[in-house]
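Letters go in sequence order (proteins before strands), and every chain restarts at 1. Side-chain atoms are counted along with the backbone in the values below, which use heavy atoms only and exclude waters and symmetry mates. Only a predicted model underlies this, so the values are computations on that prediction, with no experimental measurement involved.
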2 protein chains.
Amino acid sequence: MMKISKKTQYGLRAMICIAREYGAKTPITVKSISEKEAIPFDFLEKIVSRLEKASLVKGRKGVQGGYMLSRPPAKISAKNIVSALEENDAPVNCRLCGRKSVCSSKNVWKKIENSLNSTLNSITLQSLLK
Amino acid sequence: MMKISKKTQYGLRAMICIAREYGAKTPITVKSISEKEAIPFDFLEKIVSRLEKASLVKGRKGVQGGYMLSRPPAKISAKNIVSALEENDAPVNCRLCGRKSVCSSKNVWKKIENSLNSTLNSITLQSLLK
DNA sequence: TGAAAACCGACTAATATAGTCGGTTTTTAT
DNA sequence: ATAAAAACCGACTATATTAGTCGGTTTTCA
């Protein structure tokens with residue numbers, strides 16, 4: 001249940017790759033990540049570009065270009081990554097339920113959302129490098 | 001992200017309806033649940049039949065038939081309900097990853113799964129009736 | 001100046017979800 | 001007995017989401 005999309009799985013793995021190079025002079029290319037991680041290049045490009053829009057990585061164009069973290073790995077959480085890649089970040093959007101008052105179940109989904117967020121917030125990229 | 005399916009949302013609401021009648025002599029019909037909760041009848045029938053296969057409810061055919069809980073609401077958890085309705089109950093199935101050893105991210109998804117399960121296990125139907 | 005990279009948007013394919021339909025079986029009230 | 005009301009069942013369709021592709025433009029560096 002509640003499948004994590006490939007997009008998000010790939011995105012996290014890509015972030016870990018990029019994080020490994022934190023501090024290096026030259027950025028890492030999408031091509032190299034896609035080879036290392038066996039992720040389709042074109043798809044990965046799109047994913048990384050969303051991570052950039054969320055200011056988690058910075059891109060540099062041209063030869064010797066690529067991507068690097070925009071801040072230290074300790075300052076990037078799994079929640080940051082997941083939020084960057086998924087649009088509706090709540091498991092259940094209660095506005096869509098239509099029967100707000102009747103929906104006795106909404107507390108369940110709210111609890112799940114909270115526990116999910118607190119788990120994701122507690123994990124940093126830093127902690128994943130070890 | 002990680003959307004809860006309508007199937008599961010409907011299923012939980014149906015279980016709450018059925019639980020409200022716990023102790024009554026006559027069971028509650030799918031028709032009546034579908035009207036109360038504004039859930040498509042045919043779809044709901046399928047959902048409830050899965051809840052029955054998971055032994056969460058018992059059906060009685062014929063006139064005056066319907067469904068009732070198969071055990072007290074305190075003995076049924078949100079996890080029981082969700083598991084009955086979703087096939088792959090883990091957010092990420094690591095066997096599908098294909099690069100087990102390389103998958104540095106699997107601990108993240110495992111943590112999510114654990115926190116999710118412990119949240120769902122901690123919620124009983126009983127607690128939702130109040 | 002040419003190659004290598006990011007960057008961009010539109011498209012397609014595959015899969016999963018949501019919902020429908022037409023029936024059969026069982027039970028009960030009349 | 002029988003008719004109605006319900007569960008029960010499997011196959012089907014429609015819609016939405018996810019995953020992946022493609023063709024191009026722009027920027028940078030050697």
Side-chain angles (χ1 to χ4, degrees), chain A residues 1-11 13-14 18 21 25-35 37-68 70 82 85-88 91-93 96-98, chain B residues 1-11 13-14 18 25-35 37-68 70 82 85-89 91-93 96-98:
Chain A
M1 60 142 244
M2 302 228 310
K3 283 275 256 320
I4 302 278
S5 66
K6 285 263 188 281
K7 185 167 62 176
T8 298
Q9 292 182 50
Y10 291 163
R13 281 160 61 195
I18 299 169
E21 307 291 312
K25 280 163 205 154
T26 54
I28 184 172
T29 67
V30 170
K31 182 154 175 283
S32 126
I33 300 171
S34 100
E35 282 163 2
E37 293 291 325
I39 297 169
F41 174 83
D42 291 310
F43 193 25
L44 184 57
E45 238 186 359
K46 260 186 16 183
I47 292 168
V48 175
S49 111
R50 298 191 63 156
L51 294 169
E52 174 166 51
K53 289 210 180 77
S55 303
L56 301 181
V57 297
K58 266 183 306 205
R60 203 165 76 197
K61 285 184 175 180
V63 176
Q64 309 267 24
Y67 288 94
M68 46 192 5
S70 62
V82 168
L85 296 173
E86 310 270 344
E87 6 268 84
N88 2 346
V92 168
N93 189 336
L96 296 175
C97 150
Chain B
M1 57 142 244
M2 303 230 310
K3 285 274 257 318
I4 301 278
S5 65
K6 286 262 187 283
K7 185 168 61 177
T8 298
Q9 292 182 51
Y10 291 163
R13 280 160 61 196
I18 298 169
K25 279 162 206 155
T26 53
I28 184 171
T29 67
V30 170
K31 180 152 176 283
S32 126
I33 300 171
S34 101
E35 281 162 2
E37 293 291 325
I39 296 169
F41 175 83
D42 291 309
F43 194 25
L44 185 57
E45 238 187 359
K46 259 184 18 179
I47 292 167
V48 175
S49 113
R50 298 192 63 156
L51 294 169
E52 173 165 52
K53 288 209 180 76
S55 304
L56 301 181
V57 297
K58 266 184 304 206
R60 201 164 77 197
K61 285 183 175 180
V63 175
Q64 308 268 26
Y67 288 95
M68 44 193 5
S70 62
V82 168
L85 297 172
E86 311 270 345
E87 4 269 85
N88 1 346
D89 49 339
V92 168
N93 188 336
L96 296 176
C97 151

Notebook entry, point to check: Between A:Lys6 (NZ) and C:dA14 (C1'), how many Å, whole number?
Noted result: 13 Å
Margin query: Whole angstroms only, please: what is the CG-P distance between B:Leu85 and C:dA16?
Written below: 17 Å
Notebook entry, point to check: Between D:dC9, C:dT25, C:dC8, which one does the side chain of A:Lys53 approach most closely?
Noted result: C:dC8
Next item on the list: Output the single nucleotide from D:dA11, D:dG20, C:dA6 whose closest atom is nearest the side chain of A:Phe43.
Entry: D:dG20
Check: In whole Å, what is the span from the CZ atom of A:Arg60 to the P atom of C:dA3?
Finding: 21 Å
Notebook entry, point to check: What is the distance from CG of A:Asp42 to P of C:dA10, rounded to the nearest Å?
Noted result: 17 Å
Note to self: So if I take every side-chain heavy atom of B:Lys61 and compare against C:dG19, D:dC8, C:dT28, which nucleotide ends up nearest?
What the structure shows: D:dC8
Check: Between A:Arg60 and A:Pro27, is there a donor-acceptor pair closer than 3.5 Å when you use the side chain of the first and the backbone of the second?
Finding: no
Item checked: Separation of B:Leu44 CG from B:Glu35 CD (nearest 0.5 Å) -> 11.0 Å
Margin query: Rounded to whole Å, please give me the gap between CD in B:Glu45 and C1' in C:dT26.
Written below: 14 Å
Next item on the list: Describe the nucleic acid contact of B:Thr29 in one word from base, sugar-phosphate, nothing, applying a heavy-atom distance below 4.0 Å.
Entry: sugar-phosphate
Margin query: Strictly below 4.0 Å: does B:Tyr67 bring a side-chain N or O up to OP1 or OP2 of D:dA6?
Written below: no
Check: Between D:dA7 atom C1' and B:Glu52 atom CD, what is the distance in whole Å?
Finding: 8 Å
Item checked: Minimum-distance nucleotide (side-chain atoms of A:Tyr10 versus D:dG20, C:dT28, C:dT20) -> D:dG20
Next item on the list: Let me know the distance between CZ of B:Arg50 and P of C:dT17, rounded to the nearest Å.
Entry: 10 Å
Notebook entry, point to check: Nearest of D:dA30, C:dT28, C:dC7 to any side-chain atom of B:Gln64?
Noted result: C:dT28
Notebook entry, point to check: Above 12 or not: heavy atoms from other molecules or residues under 6.0 Å from NZ of B:Lys58?
Noted result: no
Checklist line | Expected output: side-chain B:Glu37 to main-chain B:Tyr10 donor-acceptor under 3.5 Å | finding: no
Next item on the list: Can you tell me the distance, in whole Å, between the NZ atom of B:Lys58 and the C1' atom of D:dC8?
Entry: 18 Å
Next item on the list: Identify which nucleotide among D:dT28, C:dA18, D:dT18 has an atom closest to any side-chain atom of A:Ser5, counting heavy atoms from C-beta outward.
Entry: D:dT18
Note to self: Under 4.0 Å, counting only non-hydrogen atoms across every strand here, what does A:Lys7 touch: a base, just sugar-phosphate, or nothing?
What the structure shows: sugar-phosphate
Notebook entry, point to check: When you measure from the side chain of A:Val30, which nucleotide among C:dA18, C:dA6, D:dA6 comes out closest?
Noted result: C:dA6
Next item on the list: Report yes if some heavy atom in the side chain of A:Ser49 is under 4.5 Å from a heavy atom in the side chain of A:Glu45; otherwise report no.
Entry: no
